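Just so it is clear, the structure is predicted and the values come from calculations on it, not from any experiment.
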Amino acid sequence: MAHFFRNHPKVSYDLNKDNTPINVQNPLVRFIYKEALKDKATWYYTHDIAPGQSLQYIAERYYGDSRLDWVLMITNDILDPVYDLPLDYNDFIAYIRSKYGSVPEAQAKVKHYEQIIAEQTKLTDGTIVPKIVQIVDETTYNTLTDSARREVDCYTYEDELNESKRTIKILRREFLPSVLASVKNIFN
């Protein structure tokens, strides 16, 4: 990851507000790049990160160059390569223990209550429409039928959050040269 900001342009900034500007890397360039690509859904496909896979491994697999991990980071709004990616089982359990004390304690503590608006469905074309839920207070939760409500414990919440990070977008290889050229122009 050390090379992630290496190619960002430098800007003069008075970091200490003492009228002595210094040259610093401009991390805001990533947002210009991201904005330019955000509506180009056909440029991507998805990849489910398997346990142990790093962004460098995925970049090597899809682009033939592990140094292009920054493309994956920008494409997926990944700022923290540890906590913005799914944790493997052992790291996840360690995280749960550090945050809640133990797995049983996390399972015993209610994170929130949900009202189930619509169940997950699969359309005839194979598209999966995700479940629609709304977080509600305990009083509202208690008025709902069992099939229309869900109590979410801290462990389940953290597990679902962790799993939601598993699927990432991969920029299609045929568009990579165009994107690299555009980024180079931004950096120059």
Side-chain angles (χ1 to χ4, degrees), residues 30-31 33-55 57-59 61-63 68-97 99-100 102-176 178-179:
R30 76 178 263 119
F31 299 106
Y33 166 79
K34 180 69 178 161
E35 188 65 28
L37 293 178
K38 105 175 161 181
D39 294 327
K40 307 230 186 268
T42 58
W43 285 29
Y44 308 99
Y45 49 93
T46 60
H47 171 83
D48 288 331
I49 301 173
Q53 284 186 342
S54 66
L55 290 178
Y57 169 84
I58 297 167
R61 178 176 172 199
Y62 286 98
Y63 306 136
L68 293 176
D69 59 342
W70 62 268
V71 174
L72 299 171
M73 290 181 72
I74 290 173
T75 301
N76 291 282
D77 291 326
I78 296 169
L79 298 175
D80 183 335
V82 174
Y83 291 106
D84 287 347
L85 294 171
L87 299 172
D88 67 22
Y89 179 77
N90 291 332
D91 290 337
F92 177 72
I93 295 301
Y95 171 75
I96 291 294
R97 287 181 181 141
K99 188 168 181 178
Y100 300 101
S102 70
V103 170
E105 287 179 79
Q107 291 170 326
K109 184 176 180 183
V110 174
K111 174 69 175 164
H112 63 260
Y113 301 97
E114 294 177 348
Q115 177 180 4
I116 301 169
I117 308 297
E119 292 290 344
Q120 176 177 304
T121 57
K122 187 174 184 179
L123 303 178
T124 55
D125 68 356
T127 304
I128 295 177
V129 179
K131 178 191 291 191
I132 301 171
V133 298
Q134 178 177 343
I135 295 175
V136 296
D137 61 34
E138 186 175 7
T139 303
T140 303
Y141 170 83
N142 288 329
T143 66
L144 301 170
T145 64
D146 287 346
S147 63
R149 67 183 188 176
R150 176 176 171 228
E151 181 180 277
V152 179
D153 61 68
C154 292
Y155 181 88
T156 301
Y157 169 79
E158 297 290 356
D159 185 49
E160 289 175 354
L161 183 60
N162 189 54
E163 288 304 308
S164 73
K165 299 172 187 176
R166 192 156 307 282
T167 301
I168 62 170
K169 294 188 300 184
I170 305 289
L171 178 68
R172 293 181 181 273
R173 192 176 188 143
E174 63 264 28
F175 299 115
L176 188 60
S178 172
V179 168

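E158 and K165 are not joined by a salt bridge, as no carboxylate oxygen comes within less than 4.0 angstrom of a charged side-chain nitrogen.
For the atom pair CD of E119 and NZ of K131, the computed distance is 5.0 Å after rounding to the nearest 0.5 Å. Here the CG-OG1 distance, from D48 to T167, works out to 3.5 Å after rounding to the nearest 0.5 Å. A distance of 8.5 Å separates CD1 in I170 from OG1 in T46, rounded to the nearest 0.5 Å. Between the SG atom in C154 and the NZ atom in K109 there is a gap of 5.0 Å [rounded to 0.5 Å]. Between the OH atom in Y100 and the CD atom in E105 there is a gap of 11.5 Å [rounded to 0.5 Å]. Note that OH of Y83 is 11.0 Å distant from CG of N162, once rounded to the nearest 0.5 Å.
No side-chain heavy atom of Y44 sits under 4.5 Å from any side-chain heavy atom of R172. Side-chain atoms of N142 and R149, non-hydrogen and from C-beta on, do get closer than 4.5 Å to each other. Contact of the E151 side chain with the Y141 side chain is registered, since non-hydrogen atoms from C-beta on lie closer than 4.5 Å. D91 places a side-chain heavy atom less than 4.5 Å from the side chain of D88.
Side-chain contact check for T156 and D153: at least one donor-acceptor pair (N or O, by modelled atom type) lies under 3.5 Å. A side-chain N or O of T140 and one of D137 form a donor-acceptor pair less than 3.5 Å apart. Q53 and H47 are linked by a side-chain donor-acceptor pair at a separation below 3.5 angstrom, with hydrogens and angles left out of the test.
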H112 vs V136, side-chain contact (heavy atoms from CB on, under 4.5 Å): CA-CA, chis, key distance, verdict: CA-CA 8 Å; H112 63 260; V136 296; over 6 Å; no

Evaluation steps, side-chain contact (heavy atoms from CB on, under 4.5 Å), between V133 and I117: CA-CA 5 Å; V133 298; I117 308 297; 5.7 Å; no

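The six-membered or imidazole ring of Y45 lies near that of Y62, with a centre-to-centre distance under 6.0 Å. Here the two rings, on Y155 and F92, have centers that are under 6.0 Å apart.
Results of the side-chain contact (heavy atoms from CB on, under 4.5 Å) test with M73 over L68, I78, I168 single out I78 as the only residue that passes.
Residues D69 and A59 approach most closely at N-CB, 3.6 Å, considering heavy atoms. D84 approaches L79 most closely through the heavy-atom pair OD2-N, 2.8 Å. Of all non-hydrogen atoms in L55 and L85, the two that sit nearest each other are CG-CD1, 3.7 Å.
Between the side chain of R150 and the backbone N or O of E114, no donor-acceptor pair lies under 3.5 Å. One N or O on the side chain of R173 and one on the backbone of Y63 form a donor-acceptor pair closer than 3.5 Å. Side-chain atoms of R166 come within 3.5 Å of backbone N or O of I49 as a donor-acceptor pair.
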